[in-house]
Visitor: 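Following this message is one structure expressed as structure tokens.
Below, chain A is the first sequence line, B the second, and so on; all start at residue 1.
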Protein chains: 2
Amino acid sequence: MKKTAADTQQAVPSRKEEILAAAASLFRRQGFERTSVREIAQELGMTSGSLFYHFASKEDLLVMIMEEGLRDITQAVRQAQATEKRLPERLLAMVQQHLAALLGPRLDAMTVLLYEWRSLSPEAQQRILALRDAYEALWTESLNEAAQLGLVDPDVALVRQTLLGALNWSAQWYRPGGRLGIHALAERMFVMLFPKMRLGLEQAAAA
Amino acid sequence: MKKTAADTQQAVPSRKEEILAAAASLFRRQGFERTSVREIAQELGMTSGSLFYHFASKEDLLVMIMEEGLRDITQAVRQAQATEKRLPERLLAMVQQHLAALLGPRLDAMTVLLYEWRSLSPEAQQRILALRDAYEALWTESLNEAAQLGLVDPDVALVRQTLLGALNWSAQWYRPGGRLGIHALAERMFVMLFPKMRLGLEQAAAA
DNA sequence: GTCTATAGTCAGATAGAC
DNA sequence: GTCTATCTGACTATAGAC
């Protein structure tokens, strides 16, 4: 029995997590192919050979970064969906959690997830795609309900693509410390993208 | 005086254009770094050395693909903007031209433009970024007018990012021959993203 | 304009000492 | 768990014949 349990929430990151974080940061800034394992190792003060004690291959690194990102955002949005029962508020909570996962502390991993999937082998691509489909199914579910209430266009697939496209694009331009925080950004985009939904909240009279 | 003038609209593509098209197709499917010059040459029945008679470097290929894509979409949207004088119709025409340029015959080049810019050298990145800024300025201009008429949120930068994000994301999922043509897709997305705009057109009573 | 041949570089991954 | 040293292969780009 190894001591690798409960490694998800600890404050002191394991070596493996340090490597994943450094790799994600480099992959986001330079792309997967333009980043060498030597660069990743150097970032951590080790040599390239040592990396392969922790990971079987460079692609293995990429796959784990992506799976971690997808696991995080899926869990966050699923919880928002389960917590908020009423519909307009539930979708707002889902948008907030999506942007928080995308633009928050895991920005590197999430950006890599969005823009480096072509560097995966076909087999790994299928695995990641299956996880992404499961995530998108959460949205389809709640958007279907909204469509039945007449709150969104009945073409739910198109609504989902438009919504997630607008949200995901923010990873290309959003920079922490800008004029809008993530929470405020989520509200603004929600109002813009779901104009038929009135929230009965305090921002009803906002500009 | 060489015979290279008026090469833009001809039906028979020059060798250079054939190379650019083959490269764009491979870059879109595999990414820039994962595509070798040998593959590009093979696609055209030549050997890798011959490519360098036409292009100085592999990056040169990428830059030309991107510049061509940006030139096309800028021209198309600028013409729509200049032709339609009235505002809601003008923005619809711009959305239609944006999607037509993005998803039409130049889909390969446009996708490469959107997703491979990190493979450019810093100098080339600046050049491309300047062209992209000029393109986005077209949108800022018309969206500013719309904001003054109360047709869109006054945060024009956010509106532009949201709009272009949703439109550009379609390159990830749209496939020609699907249930929606490009023209119809543009109308649907326009209505979804600009709900305050009523067009005075025939689709006023659509579902 | 295209070929062959190859220079020159750098990548991912492995073996074995410590 | 990290190191040094190295294998093996692939890549871009060039030179010069045709």
Visitor: Describe the nucleic acid contact of A/Arg38 in one word from base, sugar-phosphate, nothing, applying a heavy-atom distance below 4.0 Å.
Guide: base
Visitor: Tell me which of A/Tyr53 and A/Ser48 sits closer to the 5' end of DNA chain D, going by the nucleotide each one is nearest to.
Guide: A/Tyr53
Visitor: Rounded to whole angstrom units, what separation is found between the CZ atom of B/Phe52 and the P atom of D/dC11?
Guide: 12 Å
Visitor: Let me know the distance between CD of A/Gln42 and P of C/dG12, rounded to the nearest Å.
Guide: 13 Å
Visitor: Would you kindly give the CD1-to-P distance between B/Ile40 and D/dA13, to the nearest whole Å?
Guide: 10 Å
Visitor: NA contact type, B/Thr47, heavy-atom cut-off 4.0 Å: base, sugar-phosphate, or nothing?
Guide: base
Visitor: Quiz question: by atom type and distance under 3.5 Å, do the side chains of A/Ser121 and A/Glu123 form a donor-acceptor pair?
Guide: yes
Visitor: Please tell me which of A/Glu39 and A/Gly49 maps to the more 5' nucleotide of DNA chain C, matching each residue to the nucleotide holding its nearest heavy atom.
Guide: A/Glu39
Visitor: Can a side-chain donor-acceptor contact be found between B/Tyr115 and B/Gln172 if the only test is distance below 3.5 angstrom?
Guide: yes
Visitor: What is the distance, to the nearest angstrom, from the CZ atom on A/Phe32 to the P atom on C/dA11?
Guide: 13 Å
Visitor: Can you check whether B/Ser50 has a side-chain N or O nearer than 4.0 Å to OP1 or OP2 of C/dG1?
Guide: no
Visitor: Taking OP1 and OP2 of C/dA11, is either one under 4.0 Å from a side-chain nitrogen or oxygen of A/Arg34?
Guide: no
Visitor: Taking NZ, NE, NH1 and NH2 as the nitrogens, is one of them in A/Glu116 or B/Arg118 under 4.0 Å from a carboxylate oxygen of the other?
Guide: yes
Visitor: Under a 3.5 Å distance rule, please check whether A/Arg106 uses its side chain to pair with a backbone N or O of A/Ala101 as donor and acceptor.
Guide: no
Visitor: Separation of A/Met46 atom CE from C/dG12 atom P, in whole Å?
Guide: 16 Å
Visitor: In whole angstrom, what separates A/His54's NE2 from C/dG12's P?
Guide: 17 Å
Visitor: Does the side chain of A/Glu68 reach to within under 4.5 Å of the side chain of A/Leu113, using non-hydrogen atoms?
Guide: no
Visitor: Give the rounded distance in Å between these two atoms: CD of B/Glu33 and P of C/dG12.
Guide: 12 Å
Visitor: Rounding to a whole Å, what distance do you find between A/Glu18:CD and D/dT2:C1'?
Guide: 14 Å
Visitor: Considering only C/dT2, C/dG12, D/dT12, which nucleotide approaches the side chain of B/Ser36 most closely?
Guide: D/dT12
